[in-house]
Number of protein chains: 2
Amino acid sequence: MAGSTLRDVARRAGVSIRTVSNVVNGSVPVSDELRVRVQAALDELDYRPNLVARNLRRGRSGMIALVVPELDVPYFAELAREVITAARTHGYVVMLDQTDGDGERERELLGRESRATMFDGLLLSPLSISADELRRRTNRVPVVLLGEHIFNGSFHHVAIDNVAAARDATEHLLGLGRRRIAAIGDQPYSTGETAQLRTTGYRQALERAGLTVDEELIVPTPRFHRHLGAEAMERLLALPEPPDAVFCYNDLLAIGAMHTLARAGVRVPDDIAVVGVDGIQEGRYSSPSLTTVAPDKAAIARTAVSTLLGVIDGSAPAPTEAKAPHRLLVRQSTVATPAD
Amino acid sequence: MAGSTLRDVARRAGVSIRTVSNVVNGSVPVSDELRVRVQAALDELDYRPNLVARNLRRGRSGMIALVVPELDVPYFAELAREVITAARTHGYVVMLDQTDGDGERERELLGRESRATMFDGLLLSPLSISADELRRRTNRVPVVLLGEHIFNGSFHHVAIDNVAAARDATEHLLGLGRRRIAAIGDQPYSTGETAQLRTTGYRQALERAGLTVDEELIVPTPRFHRHLGAEAMERLLALPEPPDAVFCYNDLLAIGAMHTLARAGVRVPDDIAVVGVDGIQEGRYSSPSLTTVAPDKAAIARTAVSTLLGVIDGSAPAPTEAKAPHRLLVRQSTVATPAD
DNA sequence: GGTCATAGGTCGTTGGAAAAT
DNA sequence: TATTTTCCAACGACCTATGAC
């Protein structure tokens, strides 16, 4: 008895399909007598509305897609959690996909035969797709970008203030008396500009403190993964004059860097202080625990979802630039015994 | 020009809807002349098939749902990644939801007004829902369970051999000469039985080694989170005779336990060796890196997805019990300088 | 008798407008 | 006239049956 339809229920209750629909939806009043009769038939047949049919009729699927580079990167997993939660408060569910930072996959996702038409909108955390490419491909599907900017003004966009975040992290290190501060994670040739913005913030902090930037202390990494942080740290340790602090562009890089430091017997924070960005849970229980600039992920998710739903229902057509708050969480990787 | 349909294209090309459909799907041969003409119209109007309509007609959505307790728990994030990848090889996309281990939310998910009918099937990693409740609610929606067993034989199920995994972890510690081995993570009163199976494996290993189990070394935790592992470790350290090794039921508990050990100045592995379960990436870069029993998540995902698709297309009606492989990854938390 | 194209019905739901009470 | 209920036409793609060449 797989799947009874409105027609089945109507036949059993001896009423029209429309009446059953009215009982199910409650939009149009139905007399008590019929309501009871229909409800009984509904229960007996264990009727469940076919949501695909409903969506077709309504022109809405009630689903949005969230596309991130890698779901097993803690920041994205934690962000996804918040997005799912935020979407639910609006009655939406979330389809999740990952691109592995592969531009081809990002393109595919927006291509003609993609599943994109199944969703009312798309939250995209892009890595390598370019602005005009994205513009060309997103006709019709409402899109809100997360994190990466991709050219100003063309798309709705939610992120933290990356320059300020990087500056805050670097100034924290400066405030501890560190003067030879390295940076791990620059991506001067990336299409995305997150890394570049963080480099800007880092430079600003140093310059405001009257320090000159030592370019060999800026170690680029192609991605933000633990092992790349570990490798970058090795290079820094091999310098004739190693740093006394490191600003890592995300927490995974920082954790990789601390891994290298632990192996090398370098004390954190005594010899080298480490700070990251992302505020992932992993950093609370690492040894030492990790000082980090934590974006308000719940705020990002809420803003992104409500912006997207605004675009979907047509109430927010003009691209918006939303900045979510961030804050510095001071832990053992910079201060041996944090106040908190 | 939002959304042209087959009709629009047909009108523009001066052919019937069916012919356009044939060009789009390629199922029925179309003469070259018409094909070119139709293709031109397709391109001009930037036609994209409405997948909701297609799904309604085909009776398939091409989507499965993956429901996990918490997406920000690394094991589930990493598993989700593999599930998405596995689903894609079959042309399926994945809707993700999380229950927060809340039984109410698990029930809701299967209830009458749920979105479940939008999906061809459901991969569920249950926490607190019971067997008959699940049975009662899953009429019609094909389900495959991940991890938790929930009564034998009623559902398709994919997991590692939890007893063997726990035994392997414990025997590894025994093989290192440890004799006072604690266990963190038992859940004697849980509806799920994963924790209980791991306790069984732990006991088996000790008994086979001719040791008696010291019940005060088995510390239960309501969930598998870092802070609970940290608390459990504090209790163990407070014992008159603390353990010389700890088997944690998952990696997060182990990481929490190591956090406590680091604070207390206890050396790992010298004073206390630590082993976890899950093989999450976090453990590769923790200090010290974490020895763990790693389930083959890709295998779990592949098996689960293909089993589910089998149920969907009717080729695998009888509940199957699949066991995925696991292996011990030896790292610094048990052996100061691992071979690898 | 193939090949190729068309008309028309179907999937299950919803909404407008008419018809019953 | 007001309230219920019914009929019928969508939503957009797919497919069976039918016929033209």
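Quantities reported herein were computed from a predicted structural model and do not represent experimental measurements. Residue numbers start from 1 in every chain, and the chains themselves are labelled A, B, ... in the order their sequence lines are given, proteins ahead of strands.
In this structure, B:Arg60 atom CZ and D:dA13 atom C1' are separated by 17 Å, rounded to whole Å. Following rounding to the nearest Å, A:Leu6 (CG) and D:dA9 (C1') show an atom-to-atom distance of 16 Å.
Summarising the base pairing, C:dG1 is matched to no nucleotide, lacking a Watson-Crick or G-U wobble pair whose two defining distances lie under 3.5 Å.
The footprint of chain B on DNA chain C, defined by a heavy-atom cutoff below 4.0 Å, extends from C:dC4 to C:dG12.
Residue-level contact check: B:Val52 touches neither bases nor backbone, having no heavy atom under 4.0 Å from any strand.
In terms of heavy-atom proximity, B:Ile300 sits nearest to B:Pro295 at CD1-CB, 4.0 Å. Taking each heavy atom of A:Val24 and A:Tyr47 in turn, the nearest pair found is CG2-CE2, 4.1 Å. Residue B:Met118 comes nearest to B:Met63 through the heavy atom pair O-CE, 3.6 Å, listed as atom of the first residue, atom of the second, then distance.
For A:Arg54 and A:Asn50, the side-chain atoms include no donor-acceptor pair closer than 3.5 Å.
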Practice problem: Assess whether side chain to side chain contact (heavy atoms under 4.5 Å, CB included) is satisfied between A:Asp313 and A:Arg60, documenting all intermediate values. | Solution: CA-CA 10 Å; A:Asp313 73 18; A:Arg60 284 277 169 87; 3.9 Å; yes
Quiz item: Between B:His156 and B:Thr307, is a side chain to side chain donor-acceptor pair (under 3.5 Å) present by the stated rule, with each step listed?
Solution: CA-CA 8 Å; B:His156 292 269; B:Thr307 302; 5.6 Å; no
Practice problem: Give the C-alpha distance, both sets of side-chain angles, the deciding distance and a yes or no for side chain to side chain donor-acceptor pair (under 3.5 Å) between B:Asp120 and B:Ser61. | Solution: CA-CA 6 Å; B:Asp120 297 341; B:Ser61 71; 3.1 Å; yes
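In the set D:dC11, D:dG12, D:dA13, D:dC11 carries the atom at the smallest distance from any side-chain atom of B:Arg7.
Residue whose closest nucleotide on DNA chain C sits further toward the 5' end, between B:Val30 and A:Asn50: B:Val30.
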Kindly list each side-chain donor-acceptor pair under 3.5 angstrom involving residues 71-81 of chain B, sequence neighbours excluded, with atom names and distances?
{"residue": "B:Asp72", "atom": "OD1", "partner": "A:Arg81", "partner atom": "NH1", "Å": "2.7"}
{"residue": "B:Asp72", "atom": "OD2", "partner": "A:Arg81", "partner atom": "NH1", "Å": "3.4"}
{"residue": "B:Asp72", "atom": "OD2", "partner": "A:Gln281", "partner atom": "NE2", "Å": "2.9"}
{"residue": "B:Glu78", "atom": "OE1", "partner": "B:Lys297", "partner atom": "NZ", "Å": "3.1"}
{"residue": "B:Glu78", "atom": "OE2", "partner": "B:Gln281", "partner atom": "N", "Å": "2.9"}
{"residue": "B:Arg81", "atom": "NH1", "partner": "A:Asp72", "partner atom": "OD1", "Å": "2.8"}
{"residue": "B:Arg81", "atom": "NH1", "partner": "A:Asp72", "partner atom": "OD2", "Å": "3.4"}
{"residue": "B:Arg81", "atom": "NH2", "partner": "A:Asp100", "partner atom": "OD1", "Å": "2.3"}

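Distances shorter than 4.0 Å separate some side-chain N or O of B:Tyr47 from OP1 or OP2 on D:dA13.
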Quiz item: How would nucleotides 15-21 of chain D be written as a contact map, 5' to 3', with B for base contact, S for sugar-phosphate-only contact and - for no contact, using protein heavy atoms under 4.0 Å?
Solution: BB-----
